[in-house]
Amino acid sequence: MKIYTKVGDEGKTRTYSGQELPKDHAFVHIMGCIDSLLASLDACLIPSEKHKEPIDTIQSTLWQTAGELSFDGQGKDVKKIVEQEDITFLESYIDENTPDINHFVRFRTEQGVRLNEARVRCRRLERNLAPLLREEKIRPIVFKYINRLSDFLYVLSCEVEDELRPHKE
């Protein structure tokens, strides 16, 4: 199988379901946001193995979510769709690790900055998914997962920042 299809040469792309769309279509933008978030999470894994398992789990869930959307949604044709247990995992972590944000100033460590960048990319994805939620083109639980994921990434970035910062500001 060749990596190129030549469909892009005409400014179009094809979804996994076979639908051909212009490259500037909102759906293609959403897929780019997921891809961007996945790449950002890859960068978070390089310096530290401590949070590898939850990030791997999140990346797998995002990959499956991209597949769900690309196959025209609603939980079709993917190995594991987003379910309540995925949200419960994020919420449990958040509840157990919420930092004292009254004293937090800025991210200063490389790992804290990387995780915060992932959070920012997650928020962009969330904003781009909002119209699909209103139009009932995605399952509400997918949107809820992405919303909770940005909170998780914030908590994780604060936790990592606190662990790695040589001194308190």
Side-chain angles (χ1 to χ4, degrees), residues 26-70 73-75 78-169:
F27 172 78
V28 177
H29 186 68
I30 287 168
M31 297 308 280
C33 287
I34 293 173
D35 194 31
S36 176
L37 177 54
L38 284 166
S40 186
L41 289 169
D42 282 338
C44 293
L45 290 174
I46 294 168
S48 170
E49 290 290 315
K50 182 176 180 184
H51 301 289
K52 184 178 183 338
E53 187 175 333
I55 290 176
D56 280 346
T57 300
I58 288 163
Q59 286 183 301
S60 178
T61 302
L62 286 170
W63 186 255
Q64 295 298 308
T65 300
E68 178 177 337
L69 295 172
S70 190
Q74 306 299 320
V78 294
K79 293 177 183 173
K80 187 190 175 307
I81 61 171
V82 173
E83 298 174 311
Q84 182 58 45
E85 68 186 36
D86 300 304
I87 295 167
T88 301
F89 165 77
L90 296 175
E91 289 175 345
S92 295
Y93 190 94
I94 292 166
D95 292 345
E96 292 170 16
N97 297 285
T98 297
D100 177 9
I101 57 174
N102 292 329
H103 298 45
F104 183 72
V105 180
R106 298 184 58 85
F107 295 104
R108 301 279 187 212
T109 67
E110 182 179 357
Q111 188 71 359
V113 169
R114 287 179 182 198
L115 285 161
N116 190 49
E117 174 66 23
R119 179 195 62 82
V120 169
R121 291 178 189 211
C122 189
R123 286 287 190 211
R124 181 185 320 139
L125 172 59
E126 184 180 9
R127 289 189 304 272
N128 284 288
L129 285 173
L132 294 181
L133 178 67
R134 284 191 302 273
E135 296 167 13
E136 298 180 354
K137 292 184 177 179
I138 62 168
R139 296 179 305 123
I141 198 161
V142 170
F143 190 83
K144 185 176 180 180
Y145 178 81
I146 299 301
N147 180 42
R148 206 65 80 246
L149 178 57
S150 63
D151 296 332
F152 170 88
L153 291 169
Y154 177 74
V155 166
L156 187 58
S157 60
C158 288
E159 178 184 14
V160 166
E161 185 71 16
D162 190 53
E163 290 169 2
L164 297 177
R165 190 176 289 196
H167 55 57
K168 306 283 183 199
E169 291 182 3

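Being a predicted model, the structure only gives us computed values, none of them experimental.
A distance of 12.0 Å separates CG of L133 from CD1 of I141, quoted to the nearest 0.5 Å. Once rounded to the nearest 0.5 Å, the distance linking CZ of R124 with CG of L37 reads 9.5 Å. Separating the CD atom in E159 from the OG1 atom in T98 is a distance of 10.0 Å, to the nearest 0.5 Å. A distance of 5.5 Å separates CZ of F89 from CD1 of I58, quoted to the nearest 0.5 Å. To the nearest 0.5 angstrom, L129 atom CG is 11.0 Å from R127 atom CZ. The CZ atom of F143 lies 8.5 Å from the CZ atom of R134; values are rounded to the nearest 0.5 Å.
Side-chain contact check for I81 versus R139: some heavy-atom pair is nearer than 4.5 Å. Contact check for D151 versus L90: no side-chain heavy atoms found under the 4.5 Å cut-off. At least one side-chain heavy atom of P54 sits less than 4.5 Å from a side-chain heavy atom of F152. With contacts defined as side-chain heavy-atom distances shorter than 4.5 Å, the pair Q64/V82 does not qualify. Using a 4.5 Å heavy-atom cutoff, the side chains of V142 and L132 are not in contact.
Using a 3.5 Å distance cut-off with no hydrogens or angles, the side chains of N128 and R123 do not pair a donor with an acceptor.
Looking at every heavy atom in both residues, L115 comes nearest to C44 through CD2-SG, 3.5 Å. Closest approach of C122 to S150, counting heavy atoms only: SG-N, 3.6 Å. Nearest heavy-atom pair across E161 and R108 is OE2-N, 2.6 Å.
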Assess the residue pair D86 and K80 against the criterion (side chain to side chain contact (heavy atoms under 4.5 Å, CB included)); give the C-alpha distance rounded to whole Å, side-chain angles, the decisive distance to 0.1 Å, and a yes or no. CA-CA 10 Å; D86 300 304; K80 187 190 175 307; 2.9 Å; yes

Walk me through whether L153 and L41 qualify under side chain to side chain contact (heavy atoms under 4.5 Å, CB included). CA-CA 10 Å; L153 291 169; L41 289 169; 3.9 Å; yes

Could you go through the side chain to side chain contact (heavy atoms under 4.5 Å, CB included) check for I34 and L125 one step at a time? CA-CA 7 Å; I34 293 173; L125 172 59; 3.6 Å; yes

I would like to know whether Q111 and E163 meet side chain to side chain contact (heavy atoms under 4.5 Å, CB included); could you show each step before the answer? CA-CA 10 Å; Q111 188 71 359; E163 290 169 2; over 6 Å; no

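Looking at E126, its side chain never comes within 3.5 Å of a backbone N or O of I146 through a donor-acceptor pair. One N or O on the side chain of R121 and one on the backbone of S36 form a donor-acceptor pair closer than 3.5 Å. Without hydrogens or angle criteria, R114 side chain to A43 main chain gives a donor-acceptor distance under 3.5 Å. Side chain of T61 to backbone of T57: a donor-acceptor contact under 3.5 angstrom is found.
Environment of CD in E53: sparse, with no more than 12 heavy atoms of neighbouring residues, nucleotides or ligands closer than 6.0 Å.
A perpendicular orientation is assigned to the rings of Y154 and F107, their planes being inclined by more than 60° (bins at 30° and 60°).
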